[in-house]
Amino acid sequence: MALSSHFLLLCSLLFFIISPSIAQTSFRPKALVLPVSKDPSTLQYITKINQRTPLVPINLTLDVGGQFSWVDCEQGYVSSTYKPVRCRSAQCSLARSRSCITECYSPPRPGCNNNTCGVLPDNPFSRTGTGGELGQDVVSVQSTDGFNPTRVVSVPSLIFTCANTFLLEGLANGVKGIAGLGRTKISLPSQFSAAFSFHRKFAVCLTSSTRANGVVFFGDGPYVLLPNIEVSKNLIYTPLILNPVSTASAYFAGEPSADYFIGVKSIKINGKVVKFNATLLSINKEGYGGTKISSVNPYTVMESTIYNAVINAFVRELSSVSRVAAVAPFGACFNGKEIGSTRVGPAVPQIDLVLQSESVYWRIFGANSMVQVSSDVLCLGFVDGGVDPRTSIVIGGHQIEDNLLQFDLASSRLGFSSSLLFRQTTCANFNFTSKL
């Protein structure tokens, strides 16, 4: 009996000695966080990840609808942990690849290996695509409790695509590729949630400032911005719509779009419905039409007839303010000295994107509708997309800055906050000071 009790005591002591080290190695984050800066010359949104062995910080341009992440492997990709993804492997089918690279005409290196899975990386800024090798490597990223960054965690085999250097053309200076957050199984949100078994959600909060960082959260909230404001409370929800035809610059036939579409039913300015052909707001069987959210376009782009109707209605509602000569790429510009200011930007007519019902709408205030092009000129920040564009309305970066957008992939819905300026915070207010 005495021996048995001694044995139990020894076991419990060993448990207390061992269990903290088990807890450390099996730490599973509930969410991850990445900083996002705004490049002043290209207006691209840029994030930074640490990749490879030894780890190297890599700048990537954010593409909310990007199919997957790709990196230039032609110049200076050195890593002892890089692995090409083989043809017919589980990772290759996850990427929905239809091609196998059988011969590479140079010594093996990242981006050039035989019997590897081929995909089609594209640059949405230059609208070019090419073939590329699917690869895997270590990525480390900071976890978060929603208030601050916490400990750094690693994904040992994050799938990405090796691309050629020429595909970087049109990307911001110092950028080495694209961080794709789109609706695929190998986009960053899908891989991060699979790696750590957290909610298949991510939230984007882009800053309007070129001097402070915005933030992307992977996983569920809380999403807390200074001064201690939980911005995922009071979100408005609308279904995410799948476009059955890819909207990428390069893709395999039959692939659905990785972009996030929402069901805009009408547009109101100052509460009045703007008249245009509403069938353009639906996606047809060829994949044309509809409304998508983009971090690639700096401003909202509209099909010509929608654009003209919106511009004319807006000008009518702002008739008390003098119009001035248009400044490209905008069509309606005004004397800024005659426009007052409010907490949510210039005092101009509100624009509502009406969604699944009259009571559900995304309201765009002056901070997101107007662009200051000079000290005394303000322009409506919408751009003419021409006749018969691929997508009728592309909601661009300026319109989503200082709004929190939560993409819930499991429930296929978008949660949006409208302007955070109303709540006396901005997307530049995440506290990136680590607690550790």
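In what follows, every heavy atom counts, from backbone to side chain, and hydrogens, waters and symmetry copies are set aside.
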Q: Residues in salt bridge (charged side-chain N to carboxylate O under 4.0 Å, His left out) with Glu358, at least two apart?
A: Lys268
Q: Give a yes or no on whether the ring-centroid distance for Phe314 and Phe382 is below 6.0 angstrom.
A: no
Q: Please walk me through it: do Ser257 and Asn243 pass side chain to side chain donor-acceptor pair (under 3.5 Å)?
A: CA-CA 5 Å; Ser257 175; Asn243 186 332; 5.2 Å; no
Q: In terms of the angle between their ring planes, are His398 and Tyr299 parallel, tilted or perpendicular, with boundaries placed at 30° and 60°?
A: tilted
Q: With Arg52 as the cation and Tyr77 as the aromatic partner, state whether NZ or CZ is under 6.0 Å from the six-membered ring centre and within 45° of the axis.
A: yes
Q: Which heavy atom of Gly289 sits nearest a heavy atom of Phe261, and at what distance?
A: O-CE2, 3.8 Å
Q: Measure from the ring center of Phe196 to the ring center of Phe218 and say whether it is less than 6.0 Å.
A: no
Q: Verify the neighbour count for atom NZ of Lys265: are there more than 12 heavy atoms of other residues, nucleotides or ligands below 6.0 Å?
A: yes
Q: Who are the salt bridge (charged side-chain N to carboxylate O under 4.0 Å, His left out) partners of Lys38, not counting sequence neighbours?
A: Glu401
Q: Among residues two or more places apart or on two chains, list those pairs meeting salt bridge (Lys or Arg N to Asp or Glu O under 4.0 Å) that have a residue in residues 308-329.
A: Lys272-Glu317
Q: Looking at every non-hydrogen atom in both residues, tell me the closest pair between Phe365 and Ser418 and how far apart they are.
A: CE1-OG, 3.6 Å
Q: Scan side-chain atoms only and decide if Gln44 and Thr61 contain a donor-acceptor pair under the 3.5 Å cut-off.
A: yes
